[in-house]
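What follows is a set of notes on a single structure, which appears directly below.
In this text the structure is predicted, and so the values were computed from the model without any measurement. Below, chain A is the first sequence line, B the second, and so on; all start at residue 1.
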Number of protein chains: 2
Amino acid sequence: MPSRKHGAVELLGLEARATEEDHKSIRLWLRLLSATNLVKNEVQSRLRRTFGTTLARFDLLAQLERHPEGLAMGPLSKRMMVTAGNVTRLVDQLEAEGLVTRVPDPRDRRTVRVRLTAEGRRRFAAMAAVHEGWIVELFRGLSREDREQLYGLLAALKQSVARALAREGGRAG
Amino acid sequence: MPSRKHGAVELLGLEARATEEDHKSIRLWLRLLSATNLVKNEVQSRLRRTFGTTLARFDLLAQLERHPEGLAMGPLSKRMMVTAGNVTRLVDQLEAEGLVTRVPDPRDRRTVRVRLTAEGRRRFAAMAAVHEGWIVELFRGLSREDREQLYGLLAALKQSVARALAREGGRAG
DNA sequence: GGTCAAATTTTGACTTGTCAACTATCTACC
DNA sequence: GGTAGATAGTTGACAAGTCAAAATTTGACC
């Protein structure tokens, strides 16, 4: 039966191609992770050497700087993409250093708003300027078009993940 | 002096445009970080729920799987992009679980080669198949062209960072 | 052949992160 | 207005990461 044999060969071809595509997704993910780690490790090490601080603290200050009215722990942890328990302790430290304050919310006594102090704003501004220079330098090898394409593709990736999680969530909970 | 005034306006325009581009680099970096964290947090949580393991251990096993002859601590830590001190303790745990072994190198008694045990190979294979499915699903919303473009742009980014570090290293060390 | 610097791994002290359990408060409903 | 369940934050136990200092071995040079 030549037609059956032909069909089997085609099926095998399809399967091989699918597997090939799957491996490509893994390689893409590994490359995404390693590119990010490359930048992150470098920024981390420079923040430490130059300002004696960490990326987590810098990130926390950056979030607060964009919200002068302050942010509650919950939203703050969402924006930082870490758990609330982690943020609690970061805020403890930054509060002890005098860079942020906890302001009780009169409307809801469960929540606290975290705000930059004047000193925190001053210190962050100094670091942010230098930090921006580092990033510009590290990304300088990409053309403006490359940067814009990458920016767009990362948005598409975030959407892709969000949709996958929605499918998952719709099924399970 | 209209020409001088005109020049000043042009200069201002250039500076504003430069600052604009700088901010775009920062936004690109933040988006890269958040896209990566999105995937990483999800994979991390699934590895935990499904297999009771962590991304660090999974990654370590994955590196060893690609090197059946074993890897010394140094190269292993470079590939995982973490410090050797960290890898020492991860290997301690995986060795205690019977998934890897430390093999002394007869050529150089300072180094140890870390290898997968049969059990380690078996366990990793089971996890890797499921893991690949997760990644494929999370990246499914990107077209094949998008994935290939992203793959290329991430390579360009890694090169850009490497060149920036080389410039830096050439100057400082 | 001895010494001194470089390389490899480990260890200790610390920060960042997770999860699960706990406390306190709020909201909705009876 | 009292109770039940959801929501906000903190805490404890632990995993994963950092750096710097120690221990051991190697290699090169005099």
Side-chain angles (χ1 to χ4, degrees), chain A residues 33 36-38 40-61 70-97 100-114 173, chain B residues 33 36-38 40-61 63 70-97 100 102-114 173:
Chain A
L33 196 50
T36 303
N37 279 338
L38 201 56
K40 189 175 167 186
N41 286 344
E42 184 61 24
V43 169
Q44 212 138 224
S45 135
R46 290 186 190 196
L47 278 174
R48 186 181 192 287
R49 287 199 310 268
T50 312
F51 299 112
T53 192
T54 65
L55 188 50
R57 291 167 201 221
F58 181 79
D59 187 19
L60 199 155
L61 296 180
L71 274 173
M73 305 296 289
L76 184 50
S77 76
K78 265 195 199 67
R79 283 168 205 279
M80 295 181 67
M81 302 182 83
V82 297
T83 58
N86 190 9
V87 172
T88 290
R89 278 167 277 220
L90 288 171
V91 169
D92 286 348
Q93 298 171 350
L94 291 169
E95 197 174 28
E97 294 177 42
V100 309
T101 46
R102 280 180 167 96
V103 183
D105 182 341
R107 314 281 249 159
D108 183 342
R109 272 174 301 171
R110 291 171 304 179
T111 79
V112 287
R113 268 188 318 169
V114 187
Chain B
L33 195 51
T36 304
N37 279 337
L38 201 56
K40 190 176 168 186
N41 287 343
E42 184 61 24
V43 170
Q44 211 137 226
S45 134
R46 290 186 190 196
L47 279 174
R48 186 180 192 288
R49 286 198 312 266
T50 312
F51 298 112
T53 192
T54 65
L55 187 51
R57 290 169 200 218
F58 180 79
D59 187 20
L60 198 154
L61 296 180
Q63 301 297 339
L71 274 173
M73 305 296 289
L76 184 50
S77 75
K78 265 193 201 69
R79 283 168 205 278
M80 296 181 66
M81 303 182 83
V82 298
T83 58
N86 190 11
V87 173
T88 290
R89 278 167 276 219
L90 288 171
V91 169
D92 287 347
Q93 298 171 350
L94 290 169
E95 198 174 28
E97 294 177 42
V100 309
R102 279 180 167 95
V103 183
D105 182 339
R107 315 281 248 158
D108 182 343
R109 273 174 301 172
R110 291 172 303 181
T111 78
V112 288
R113 268 189 318 170
V114 186

On DNA chain C, check which nucleotide each of A:R107 and B:T111 is closest to and give me the residue with the more 5' one.
B:T111
B:T83 side, atom OG1; B:M73 side, atom CE - distance, nearest 0.5 Å
10.0 Å
Give one of base, sugar-phosphate or nothing for [X], where a contact means two heavy atoms less than 4.0 Å apart.
X      : answer
B:V112 : sugar-phosphate
B:R102 : sugar-phosphate
A:Q44  : nothing

Counting C-beta onward and ignoring hydrogens, is there a side-chain heavy-atom pair between [X] and [Y] closer than 4.5 Å?
X     : Y     : value
B:T36 : A:K40 : no
A:R89 : A:D92 : yes
A:N86 : A:M80 : no

Measure [atom1]/[X] against [atom2]/[N] and give the value in whole Å, please.
X      : N      : atom1 : atom2 : value
B:R109 : C:dT8  : CZ    : C1'   : 14 Å
A:L90  : C:dT18 : CG    : P     : 10 Å
A:Q93  : C:dG17 : CD    : P     : 10 Å
A:M73  : C:dG17 : CE    : P     : 13 Å
B:K78  : C:dT9  : NZ    : C1'   : 13 Å
B:D92  : C:dT9  : CG    : P     : 13 Å
B:D105 : C:dA7  : CG    : P     : 17 Å
B:R110 : C:dT10 : CZ    : P     : 13 Å

The answer to which of B:V82 and A:R113 contacts DNA chain D further toward the 5' end, by nearest nucleotide, is A:R113
Go through residues 49-58 of chain A and report each residue with a non-hydrogen atom lying under 4.0 Å from DNA chain D, sorted by number.
none
Can you give the first and last nucleotides of DNA chain D, 5' to 3', that have an atom under 4.0 Å from a heavy atom of chain B?
D:dA15 to D:dT26
Walk me through it: do B:L47 and B:T54 pass the test side chain to side chain contact (heavy atoms under 4.5 Å, CB included)?
CA-CA 6 Å; B:L47 279 174; B:T54 65; over 6 Å; no
Between the protein and nucleotides 19-22 of chain C, list every N/O to N/O distance that falls short of 3.5 Å.
none

Per side chain to side chain donor-acceptor pair (under 3.5 Å), A:S45 is matched among A:E42, A:R48, A:R49 by A:R49
Check this for me: does any side-chain nitrogen of one of B:D108 and B:R113 sit under 4.0 Å from a carboxylate oxygen of the other?
no
Side chain to side chain contact (heavy atoms under 4.5 Å, CB included) between B:V82 and A:N37, intermediate numbers included:
CA-CA 9 Å; B:V82 298; A:N37 279 338; over 6 Å; no
Closest non-hydrogen atoms of B:T88 and B:R102, given as atom of the first, atom of the second and distance, are O-NH2, 3.3 Å
